[in-house]
Amino acid sequence: MKSLKFFSFLLLLSLFACTGTTEVKRDNTTVATASADAKPEILTSFDQLNDRYFQVKDSLVIINFWATWCKPCVRELPDFNEAALKYKGQKVKFVFVSLDFLDTMEKSIVPFIKSNPFNGEVVVLADQDVNTWAINIDNNWDGAIPVTLAIKNGKKSTKMGAFQNYEELNNFIQQNI
Amino acid sequence: MKANTLLIFGALCLLLSLASFTKPPVGYKIGDKVADFSLKGVDGKNHSLAEFKQAKGYIIVFTCNECPYAQMYEQRIIQLHNKYSKLGYPVLAINPSLVDYFPEESYDEMVKRSKASKFTFHYLFDKNQGVTKLFRPSKTPHVFLLDKNRVVKYIGAIDDNPQSAAAVKKKYVESAIEALNKGKNPTPAETKAIGCAIKIN
């Protein structure tokens, strides 16, 4: 995860680079090389995800399940990024769990992250046995993504399907914060 | 003014009470009897359940051209059909996509896809989602296994590993068919899986 933070920092740097002195531009080149190596962490079992994010104390954790091939998922990501910026410094953590395929990561999620910065952690969940872990998301969830969870001190809320807009997402966060 | 306010209030009450009575539409569940349908296949002809006179059951698969999950399962759907149609369980694949939103799912594209991937089963075009609205599959691929009386016996995934056919441990549809063959109800009767969400109008 450190590498992701570093990556976000580099992305910020690249934003500043738009002001454009030669020196900063050199930094910009570094950005390209560094981000090319930025690969999200792969979690092979749902338990790892559960241990890491479902048991967090005293913070709200927003977990969004998405994939680069899922159009409605990709469409709602800017709203998540906006929310993550708004709640920065508060006890709200944003986690983006990608269900992209491991064997095509280099062509899917790696370039996607490169061109679409995330204000939060991105992990790839490779646990294929969805039928076993789906119940931990919601009793009524049957596997269609996007799906978003809000977890605070073990209390869980679910939003199945995409948020219509930023307001709907913000309301969801407010109801669970 | 007062009358207007009352009118608006009344209208709101009516709307609210209506809303509380309008439950979200539900599709076929385990134990429901499915109505026969007639949909155009990629061979240009219409197909129905009734044309399979010797059928012991039907493997209805909602799938489409471009969803990566549907594509990962194409070969496995072909194998299901090749193995089980001989035993009386044909695959009927239905594309539930709204072509207005997904032009890559048009009838012509379906014909192309079925040729390119050498589909051996009927791949049917549900133009106005008439059949899709009855089943209400939530994503592609999504299987409904029917017995010979067209009663739904299993709903869900083909197996437990979309990304690797070689690593599959549980072949849900095959086990369900074997249960039906023994006159038993499949367990599990329902499974969950990731897929591409189906937009239903």
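In what follows, every chain begins at residue 1, and chains take the letters A, B, ... in the order their sequences are listed. Owing to the predicted nature of the structure, the values given are computational and were not obtained by experimental measurement.
Heavy atoms closer than 4.5 Å to chain A are found in the side chain of B:K170, but not in its backbone. The part of B:A193 that comes within reach of chain A is its backbone (N, CA, C, O), which places non-hydrogen atoms under 4.5 angstrom from that chain. Using a 4.5 Å cut-off between heavy atoms, B:Y101 makes no contact with chain A at all.
Although no hydrogens or angles enter the test, the distance criterion places a donor-acceptor pair under 3.5 Å between the side chain of B:Q163 and the main chain of A:L102.
Cation-pi check for B:K139 over B:Y69 is not met; the charged atom does not lie both under 6.0 angstrom from the ring centroid and within 45 degrees of its normal.
Salt-bridge formation is not detected for the pair B:K199/B:E105: no Lys NZ or Arg NE/NH1/NH2 atom is positioned less than 4.0 Å from an Asp or Glu carboxylate oxygen.
Contact annotation for residues 154-161 of chain A against chain B (heavy-atom separation below 4.5 Å): no residues qualify. Of residues 129-145 of chain A, those residues with a non-hydrogen atom less than 4.5 Å from any non-hydrogen atom of chain B are, in numerical order, A:D129, A:V130, A:N131, A:T132, A:W133, A:A134, A:D138, A:N139, A:W141, A:D142, A:G143, A:A144, A:I145.
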With a cut-off of 3.5 Å and sequence neighbours excluded, list every side-chain donor-acceptor pair involving residues 58-65 of chain A.
{"residue": "A:N64", "atom": "ND2", "partner": "A:E76", "partner atom": "OE2", "Å": "3.2"}
{"residue": "A:N64", "atom": "ND2", "partner": "A:T148", "partner atom": "OG1", "Å": "3.0"}

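In the model, A:S45 has no side-chain atom that pairs as donor or acceptor with a side-chain atom of A:D47 under 3.5 Å.
Taking the centre of each ring, B:Y84 and B:F121 stay at or above the 6.0 Å mark.
Here the straight-line distance linking atom CZ of B:R76 with atom CG of B:N161 works out to 7.0 Å at 0.5 Å rounding.
A disulfide is not assigned to B:C196 and A:C70, since their SG atoms are no nearer than 2.5 Å.
In this pair, A:F94 and A:F96 present their aromatic rings parallel. The plane angle is below 30°, not in the 30 to 60° band.
Under the ring pair (Phe, Tyr, Trp, His ring centres under 6.0 Å) criterion, A:F112 pairs with A:W66, sequence neighbours left out.
Heavy-atom neighbours of B:K184 NZ from other residues, nucleotides or ligands within 6.0 Å: at or below the threshold of 12.
When each of B:E190, B:K169, B:M72, B:E66 is scored by its heavy-atom pairs under 4.5 Å with chain A, the top score falls to B:M72.
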